[in-house]
Amino acid sequence: MNIIEGNLRLNGDEKVAIICGRFNHIITDRLVEGAEDSFKRHGGDTNKLDLILVPGAFEIPFALQKALESGKYDAVCCVGAVIRGATPHFDYISAEATKGIATAAMKSGLPVSNGVLTTDTIEQAIERAGSKVGNKGAEAMTTIIEMLSLYKAMEK
Ligand code: INI
């Protein structure tokens, strides 16, 4: 049986964008740090890494669509933090962000990851932004690194 899978090695040529929703920036700044750290650790050249900032998670899919259409990037990593609090906004924003990211990704055929946290509390968000439960920004970057390599392996 031929097993086709990716690895976590970048060669330094990959052009990657992080798209970050600034809302809850205390959390999202940590997700960006995690994503950048993962990119560097896996051999990426930070001169080829762009950070695109949007107001909130709702706007991520719009910027993602543009980034993918621009032809400038090999892969895009999305990060944001939607925290339930007392707002009914939570359900709309988290659903639109998730759906929009998946739709844009599917259309482009390029590796895209969803590192948008959707949590009930700020504590849960902190736990996923570089403490108890790891850093979901780093995980999202690691995911596109693997998918980049997988897509290459699938073309052979
Ligand atoms: N945006 C977030 O990224 N996280 C949130 O928790 C959030 N809440 O709670 O309102 C949020 N709202 C802003 C939203 O993403 C848009 O920027 C805004 O609705 C303008 O379109």
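Just follow the structure's listing: the first ligand is 1, and inside any ligand the first atom is 1.
- When only non-hydrogen protein atoms are considered, atom 6 (O) of ligand 1 lies nearest to Ile83 N, 3.1 Å.
- Under a 4.0 Å N-O distance rule, the pair Lys40/Asp37 does not qualify as a salt bridge.
- In summary, Lys66 and Glu69 do not engage in a salt bridge, as defined by a charged side-chain N under 4.0 Å from a carboxylate O.
- Shortest contact from atom 13 (C) of ligand 1 to any protein heavy atom: Phe23 CD1, 3.7 Å.
- Proximity to Asn24 (heavy-atom distance under 4.0 Å) selects the following atoms of ligand 1: 4 (N), 5 (C), 6 (O).
- Ligand 1 places these atoms under 4.0 Å from at least one heavy atom of Ala81: 2 (C), 3 (O), 4 (N), 5 (C), 6 (O).
- Between Glu33 and Arg30, at least one side-chain nitrogen of the basic residue sits less than 4.0 Å from a carboxylate oxygen of the acidic one, meeting the salt-bridge criterion.
- If you look at Ile93 next to ligand 1, the close heavy atoms, those under 4.0 Å, all belong to the side chain.
- Side chain of Thr28 to backbone of Gly80: no donor-acceptor contact under 3.5 angstrom is found.
- Remark: ligand 1 atoms within the under-4.0 Å shell around heavy atoms of Phe58 are 14 (C), 15 (O), 16 (C), 21 (O).
- For ligand 1, the atoms closer than 4.0 angstrom to any heavy atom of His89 are 10 (O), 19 (O).
- Within the 4.5 Å cutoff, the side chain of Met141 has no heavy atoms near those of the His42 side chain.
- When the shell of 6.0 Å around CZ of Phe62 is examined, it contains more than 12 heavy atoms from other residues, nucleotides or ligands.
- Ion pairing between a basic and an acidic side chain is recognised when a charged N comes within 4.0 Å of a carboxylate O; Asp120 and Arg84 show such pairing.
- Shortest contact from atom 20 (C) of ligand 1 to any protein heavy atom: Glu59 OE2, 3.2 Å.
- The Ala57 neighbourhood of ligand 1 comprises atoms 1 (N), 2 (C), 3 (O), 15 (O), with distances under 4.0 Å to a heavy atom of that residue.
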